[in-house]
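Residue numbers start at 1 and run along the sequence shown. Note that this is a predicted model, so its numbers are computed, not measured.
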Amino acid sequence: MSATVATPRPHVLIVGAGLGGLLLGALLERCNIPYTIFERASSVKPLGSAMVVAGQLMPIIEQLGLFEQVAAAGKRLHSSLMVKENKEIMLFMNFLPSEELSGYPSYIISRPLLYDLFLSRVPAHKILFGKRVLTIAEEDNKVKIQTSDKVVYEGDILVGADGAYSAVRQQLYERLKKQDKLPKSDQEDLPFTCTCLVGQTVPLDPKDFPQLSDPTHPFVSTIGKDKPYTSSKVAGEQSFRNLDNSEWEAHAAQTMADETRNFPITFGDGSLTLGDLYDKTPRELMSKVMLEEKIFKTWHSGRTVLLGDGALTAMHDAIALANLIYTLPSNTTEEIEKIFKEYQTERIPPTVERHNGSQMMSKLISKSLFGVIAGRLAKYIPQWFWRYYIKRGLLLRPWAGFLKAVENKGPLAAVPTPSTKKARELYSKRTGVQFV
């Protein structure tokens, strides 16, 4: 059960049909708020490797009616290992406490499969492909975009969901810079942490890869010895990190694959290398991507707002934004800017925490003195501390306040976010449905 918003309803223009943009569209669809998604690519491309879908996302997955599909498409994640090339264990992470506390299993799922599930919740006619945004303007209490085919679209809210190199962000920042309103830190280039070669193999034969028949086999990351490389594999998905990004422009995905073919892997019979997986990977499903991490200070201006980069961050941003758009009392710029401020206030703390956690993990696998010391200490992390770390992360399990709430499945109840509370209160007022 969902509740529609009061009229006049805002029309939302979403630039970017990634996971964050699709989730935002799927949520707006459920509360009957008009929207259009613009994607610069000409069609859906099944690129990417795998990602973890766990307790932090499961409530919204369940609200969208996708829980069974995710469970069927994913592989249960029980644990993760970080090992050296000689198979010496550097770090063991047990994820069963997450399931025990939240009541939701953790799954590793192909990113394209998750994409397709979200795509199934958005009517096809509401996604326009081949629409690269060229200009953005705000006038007459509306926001307008012009795409590369010279068509102009008008709406009340513009959402930049197009990743780290967002065209919306770039144009927004250029405008603010001319007005001398853009913080200096937001004018600096993105700091590159590493490059990744990601891809998906064809279905593998369990006779050659017996780990596929083991439902409890861990996700394994292998740290290269005297190499700037780390490899991660699970159930036919692969990603490969190069910690040296200085020659990004000179290399294509195939070149990076050629350079790393002989990197040993734990998958298979123990004698295989990444090259054996590359040979089972269609070239069109391999891509080289650049990873960068930065927290921008400017998240919105006027009628324009940005989703964060990174799948989980973008999806959590989309949930918060959908909740707040649902509560809009009117489409004035003043009211829109008000909910954008609430959105940024809510999302900054968890975004900073995830950023810091990612930075710590990067240091852990680095070859620096800090990495060596941290790696040795990590082997002896007490289980109570690990459980506390998982519990802290699970407290943030956002859901849509305008959809039927899901029951807590574990002993650890999620803490409702401010945007969820606000949307839930309005939903109750409009429908008469009271939440416990």
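Rounding to the nearest 0.5 Å gives a distance of 11.5 Å between CZ of R169 and CD1 of I136. Atom CG of L324 sits about 12.5 Å away from atom CD1 of I336, to the nearest 0.5 Å. How far CD1 of I325 is from CZ of R9: 13.5 Å, rounded to the nearest 0.5 Å. With rounding to the nearest 0.5 angstrom, the CG atom of L64 is 7.0 Å from the CG atom of L403.
Using modelled atom types, no side-chain atom of R121 and backbone atom of E29 make a donor-acceptor pair closer than 3.5 Å.
Sorted by first and then second residue, the pairs that involve residues 296-324 and meet ring pair (Phe, Tyr, Trp, His ring centres under 6.0 Å), not counting sequence neighbours, are Y173-F296, W299-Y343, H300-F340. The stretch residues 14-34 participates, sequence neighbours left out, in no ring pair (Phe, Tyr, Trp, His ring centres under 6.0 Å) pair at all. The salt bridge (Lys or Arg N to Asp or Glu O under 4.0 Å) pairs that include a residue from residues 317-328 are D317-R347, where partners are two or more places apart or lie in different chains. Within the structure, the salt bridge (Lys or Arg N to Asp or Glu O under 4.0 Å) test picks out the following pairs touching residues 60-71 (sequence neighbours left out): E62-K409.
Side chains of T298 and D186: a donor-acceptor N/O pair is present below 3.5 angstrom, by distance only. With 3.5 Å as the limit, one finds a donor-acceptor pair spanning the side chains of S110 and Q200.
Within 6.0 Å of the CZ atom in R40, the count of heavy atoms belonging to other residues, nucleotides or ligands does not exceed 12. Within a 6.0 Å radius of CZ in F129, more than 12 heavy atoms belonging to other residues, nucleotides or ligands are found.
Ring centers of Y326 and F402: under 6.0 Å apart, within the cut-off.
Contacts of S301 classified as side chain to side chain donor-acceptor pair (under 3.5 Å), with partners at least two apart in sequence or in another chain: none. Legend: residues meeting side chain to side chain donor-acceptor pair (under 3.5 Å) with E353, ordered by chain and number and at least two apart, are R392. The salt bridge (Lys or Arg N to Asp or Glu O under 4.0 Å) check on K338 picks up nothing, with sequence neighbours excluded. Under the ring pair (Phe, Tyr, Trp, His ring centres under 6.0 Å) criterion, Y388 pairs with no residue at all, not counting sequence neighbours. In this structure, R397 has no side chain to side chain donor-acceptor pair (under 3.5 Å) partners at least two apart in sequence or on a different chain. By the side chain to side chain donor-acceptor pair (under 3.5 Å) test, S419 pairs with E346, T417, sequence neighbours left out. Scored by the salt bridge (Lys or Arg N to Asp or Glu O under 4.0 Å) test, D162 finds no partners at all (sequence neighbours excluded). Every residue two or more places apart in sequence or in another chain that forms a ring pair (Phe, Tyr, Trp, His ring centres under 6.0 Å) with Y153 is listed here: F38.
In this structure, the side chains of F263 and T222 come closer than 4.5 Å at one or more pairs of heavy atoms. With a 4.5 Å cut-off on side-chain heavy atoms, I295 and S185 do not count as touching. Put simply, the side chain of H11 does not reach to within 4.5 Å of the side chain of E154, judged on heavy atoms. In this structure the side chain of M286 reaches within 4.5 angstrom of the side chain of T281, judged on heavy atoms.
Electrostatic pairing of R132 and E39 does not count as a salt bridge here, judged by no charged N lying under 4.0 Å from a carboxylate O.
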